[in-house]
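See structure below.
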Amino acid sequence: MAEPAPLLEIRDYSLSISTFDGVLKVLDGINLSIAPGEAVGIVGETGCGKSITVKSVVGLVPSPPARVEAGSVRFDGRDITSADEATIRRIRGQEIAMIFQDPMTYLNPLFTVGRQLRDVIQAKDRLKPQSERRDKRSIQAKAVELLSQVHLPNPERQLDAYPHQLSGGMRQRVLIAMALAGAPKLLIADEPTTALDVTIQAQILDLVKDLVERLGMAVLVISHDLGVVAAICQRIVVMYAGTVVEDATTEALFENPKHPYTRGLLAAIPRLDGSADSLASIAGTIPNLIDPPRGCRFHPRCAEAGETCRQAKPPSLEGAPGHWVACHIYGGGVG
């Protein structure tokens with residue numbers, strides 16, 4: 001049986017951003033795809049390019065100063081690499097939705113939850129033909145339905161609450177409800193649990209997982225926490241300094257990590273049977289992307305790097321079925 005065509009397909013995508021200090025080469029040949037209904041996670045250190053990748057794709061990075069240097073982006077069979085602002089806004093409004101890590105930042109403290117949710121529903125409706133738009137009563141009913149869908153208790157009463165009257169977990173549920181208002185095909189969750197305590201994190205992760213299974217939408221989870229993406233995602237993409245270094249199923253990545261950077265990330269996870277003195281770390285820091293290292297961008301921090309790593313960018317090779325890695329170790333040696 002043939003695999004379904006990707007819902008989102010990013011190919012050889014490179015992006016630069018002009019700054020006062022110089023041109024940042026923030027993305028270098030990114031390849032990433034998500035099938036309909038699939039849950040994919042992107043992990044890596046802060047500054048590795050996780051968020052800028054998806055924000056660029058959905059038109060949330062202003063151009064200028066950002067500039068697409070190469071590559072293409074296709075969504076649901078359409079090339080949107082150079083789509084105009086109106087097209088991108090329409091796709092972002094209806095077919096792609098995002099939730100962010102700090103819900104208080106994205107909710108207006110001056111308006112009730114109900115007012116903000118109804119405004120979102122109306123904005124989505126304006127993208128539809130006049131005959132399909134809801135009246136005020138239907139909009140109110142839809143708002144209650146959305147809050148119920150994200151398991152917010154007493155949804156009718158919560159519509160009259162202001163954001164500061166809700167807990168962090170409840171505010172995050174409101175943002176998820178807003179994201180679902182347009183029945184998106186793809187939900188992008190950018191660090192959705194960072195600002196929440198551990199118990200609430202688990203609840204939000206369970207909610208996102210339930211929504212993916214129940215609604216059949218695809219989800220892209222961005223996180224620096226491998227535990228978060230492992231709880232939701234079937235596949236994990238590891239990024240380093242604007243490049244994809246490994247792409248594999250969640251099970252394969254944890255059982256047999258191939259790239260030295262991925263192995264370093266997994267080694268740094270605290271273990272219940274270990275001690276604080278045994279915690280591993282990756283030496284060095286991420287490179288300056290105005291003048292990134294030649295060859296493999298990870299080689300200055302890699303104990304296994306050889307001359308080939310310092311001179312040539314490694315191609316992405318299939319080290320095992322469905323398990324891709326960009327490392328010279330798997331391409332004939334490091335030299």
Side-chain angles (χ1 to χ4, degrees), residues 1 3-4 6 8 10 30-46 48-50 53 189 191-193 198 201-202 204-206 208-210 212-213 218-241 243-283 286 296-299 301-306 309 314-334:
M1 184 176 178
E3 293 185 1
L8 176 67
I10 304 171
I30 297 295
N31 286 289
L32 173 67
S33 66
I34 303 172
E38 185 181 24
V40 176
I42 304 180
V43 299
E45 293 169 282
T46 298
C48 73
K50 306 183 298 294
T53 298
E191 302 278 11
T193 62
V198 175
Q201 279 187 25
I204 295 299
L205 292 175
D206 286 343
V208 173
K209 188 175 182 179
D210 173 65
V212 170
E213 294 173 353
V219 64
L220 180 60
V221 180
I222 302 166
S223 181
H224 62 274
D225 188 334
L226 279 159
V228 168
V229 295
I232 301 177
C233 301
Q234 298 128 353
R235 188 160 57 87
I236 297 176
V237 175
V238 182
M239 288 189 66
Y240 178 77
T243 64
V244 171
V245 297
E246 193 158 357
D247 183 342
T249 65
T250 301
E251 182 179 4
L253 192 87
F254 276 83
E255 288 187 356
N256 185 25
K258 295 184 177 298
H259 198 280
Y261 178 63
T262 308
R263 295 200 296 269
L265 289 179
L266 290 170
I269 298 175
R271 297 178 59 90
L272 292 177
D273 57 353
S275 67
D277 295 334
S278 65
L279 288 179
S281 62
I282 302 174
I286 58 174
C296 174
R297 289 188 174 187
F298 185 61
H299 86 254
R301 304 174 67 184
C302 181
E304 302 175 53
C309 306
S316 184
L317 302 172
E318 196 169 16
H323 192 148
W324 296 84
V325 58
C327 181
H328 287 298
I329 293 172
Y330 305 96
V334 297

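Note that the structure is predicted; figures quoted are calculated from it, not measured. Side-chain atoms are counted along with the backbone in the values below, which use heavy atoms only and exclude waters and symmetry mates.
The two residues K50 and I42 have their closest heavy-atom pair at CD-O, 3.6 Å. Of all the heavy atoms in G49 and T53, the pair that sits closest is O-OG1, 2.6 Å. I286 and T46 make their closest contact through CD1-O, 3.5 Å (heavy atoms, listed as atom of the first residue, atom of the second, distance).
With rounding to the nearest 0.5 angstrom, the CG atom of L8 is 5.0 Å from the CD1 atom of I34. Here M239 contributes atom CE and I222 contributes atom CD1; the two are 9.5 Å apart, rounded to the nearest 0.5 Å. We find the OG-CH2 distance between S316 and W324 to be 6.0 Å, quoted to the nearest 0.5 Å.
Considering only residues two or more places apart in sequence or on other chains, D210 meets the salt bridge (charged side-chain N to carboxylate O under 4.0 Å, His left out) condition with R214. By the side chain to side chain donor-acceptor pair (under 3.5 Å) test, H299 is found to be paired with no residue, residues two or more places apart in sequence or in another chain being considered. With sequence neighbours excluded, the residues satisfying side chain to side chain donor-acceptor pair (under 3.5 Å) with T262 are E246. Not counting sequence neighbours, the partners of E45 by the salt bridge (charged side-chain N to carboxylate O under 4.0 Å, His left out) test are R301. Contacts of D206 classified as side-chain contact (heavy atoms from CB on, under 4.5 Å), with partners at least two apart in sequence or in another chain: none.
Side chains of L265 and L226 form a contact here, defined as non-hydrogen atoms less than 4.5 Å apart. Here the side chains of N31 and V244 are not in contact, with every heavy-atom distance at 4.5 Å or above. Residues F298 and I282 form a side-chain contact, since some pair of their non-hydrogen atoms from C-beta on lies under 4.5 Å apart. Side chains of T250 and V229 form no contact here, defined as non-hydrogen atoms less than 4.5 Å apart. Contact annotation: the side chain of V228 approaches that of L205 to within less than 4.5 Å [non-hydrogen atoms, C-beta and beyond]. At least one side-chain heavy atom of H328 sits under 4.5 Å from a side-chain heavy atom of P315.
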Could you list the donor-acceptor pairs under 3.5 angstrom formed by side chains in residues 252-260, with sequence neighbours left out?
unit_1 : atom_1 : unit_2 : atom_2 : d
H259   : ND1    : Y261   : N      : 3.0
H259   : NE2    : A326   : O      : 3.2

Using residues 231-238 as the side-chain source, report each donor-acceptor pair under 3.5 Å to any protein atom, sequence neighbours left out, with the distance given to one decimal.
unit_1 : atom_1 : unit_2 : atom_2 : d
Q234   : OE1    : A39    : N      : 2.9
R235   : NE     : E38    : OE2    : 3.0
R235   : NH1    : D247   : OD1    : 2.9
R235   : NH1    : D247   : OD2    : 3.0
R235   : NH2    : S33    : O      : 2.3
R235   : NH2    : E38    : OE1    : 3.4

Practice problem: Report the C-alpha distance between V221 and V40 in whole Å, list the side-chain angles of each, state the deciding distance to 0.1 Å, and finish with yes or no for side chain to side chain contact (heavy atoms under 4.5 Å, CB included). | Solution: CA-CA 6 Å; V221 180; V40 176; over 6 Å; no
Exercise. For V245 and V325, run side chain to side chain contact (heavy atoms under 4.5 Å, CB included): C-alpha distance rounded to whole Å, both residues' side-chain angles, the deciding distance at 0.1 Å, then the answer.
Key: CA-CA 6 Å; V245 297; V325 58; over 6 Å; no
